[in-house]
Amino acid sequence: MLISTKTLLTTAQAENYAIGAFNVYNLEGVRAVIAAAEAENSPAMLQIHPGSLKHGGLPLVALCLAAARQAKVPFSVHLDHSSAAQDIKTALQAGLVSIMADGSHLKYDDNVTFTRQMTTLVHQHGGFVEAELGRLTGTEDDLTVPEHQSKLTDSDQAIEFVNQTQIDALAVCIGNVHGRYHRPPQLDFQRLEAIRNNVAVPLVLHGASGLPNSMIEKSIEFGVCKFNVNTEIRGAYLTSLKENLSLPNSPDLVPLMQTAITAMQAVVVKKLRLFKSVGKA
Ligand code: 13P
């Protein structure tokens, strides 16, 4: 069933578990996430990245919404990392009311202005807004320590940011990165705790692929109630395709797609168990 992101996250926040938000690109991804959530009796989110929105357009949004409505467990559909007002307007017109308005590449004041404008717009549609303070990058390898620190979420600025923008959820930067971690991940839990103590809205951690189980568990303890997962599912999809396409007699498309769904589904199941959302549908 399709329900609001607000209900999903505030329930998770109150009951100390987290919702998995899984990036999907096509029918196979959607099937994999929904099958995993149904098998584990878990709520979850389907998440569309702007690149994926650009490619899949309104049919992809319609697919996600229809699949979420038909699911036997609670689902919402979310637009990930959207830094363009036009993308957000297009998504709203298509019926997506859960949006990440991402102004994190802007200077602080401009981030506030962009996020506040988008929040006002999305709230007029009865929707939900996630925004980011700090700046998440693909890899931190080339940054000096002060540069790295300056990209992390400041716990005092977080209060101001939430108050000024009226967002519904805050994505934090505490050492998490998108994509592969090229060195063992180091999350700043002291910073996370300080942010949690300062703001009441649900906290989101991007870049959940490749984080050790202990860090996921500790993040939930310190108040994270939404994890974004992309790289690991995409990896399972690509590996499955590569393995099966190299067989002497490549299978027909349907079994090929089904095998890819099964591979992605296994990744999603593991994450749902780790996020402690199993049985919470
Ligand atoms: P990963 O690709 O590292 O899982 O991150 C996904 C994400 O944060 C999407 O917003």
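Ligands are counted one by one from 1 in listed order, and the atoms in each one are counted from 1 as well.
- From the protein, the heavy atom lying nearest to atom 8 (O) of ligand 1 is G207 N, 2.8 Å.
- Between E15 and K276 there is no salt bridge, since none of the side-chain N atoms of the basic residue sits less than 4.0 Å from a carboxylate O of the acidic one.
- The side chain of H81, and not its backbone, has at least one atom closer than 4.0 Å to an atom of ligand 1 (non-hydrogen atoms only; side chain from C-beta on).
- Between K270 and E232 there is no salt bridge, since none of the side-chain N atoms of the basic residue sits less than 4.0 Å from a carboxylate O of the acidic one.
- Of all protein heavy atoms, the one lying nearest to atom 2 (O) of ligand 1 is T231 OG1, 2.5 Å.
- By the 3.5 Å distance cut-off applied to N or O atoms, V229 is not counted among the residues near ligand 1.
- Nearest protein heavy-atom neighbour of atom 9 (C) of ligand 1: D80 OD2, 3.2 Å.
- Each of the atoms 9 (C) of ligand 1 lies under 4.0 Å from some heavy atom of N23.
- Between H81 and H178, the two ring planes are perpendicular [angle over 60°; tilted spans 30° to 60°].
- For the pair L9/F128, a side-chain contact is recorded, criterion being any heavy-atom separation below 4.5 Å from C-beta on.
- Of the N and O atoms on the side chains of D168 and H123, at least one donor lies less than 3.5 Å from an acceptor on the other residue.
- No close placement of the H49 and H78 rings is indicated, their centers lying 6.0 Å or farther apart.
- Taking CG of L274 as the reference point, atom OG of S214 lies at 9.5 Å (rounded to 0.5 Å).
- Ligand 1 has no N or O atom lying under 3.5 Å from any N or O atom of E232, backbone or side chain.
- In terms of protein heavy-atom proximity, atom 3 (O) of ligand 1 is nearest to G179 N, 2.9 Å.
- Checked against a 3.5 angstrom limit, the closest N/O atoms of H206 and ligand 1 fall inside it.
- Side chains of F161 and I167 form a contact here, defined as non-hydrogen atoms less than 4.5 Å apart.
- The shortest N/O to N/O separation between S209 and ligand 1 falls below 3.5 Å.
- The proximity of N230 to ligand 1, defined as any non-hydrogen pair under 4.0 Å, involves the side chain as well as the backbone.
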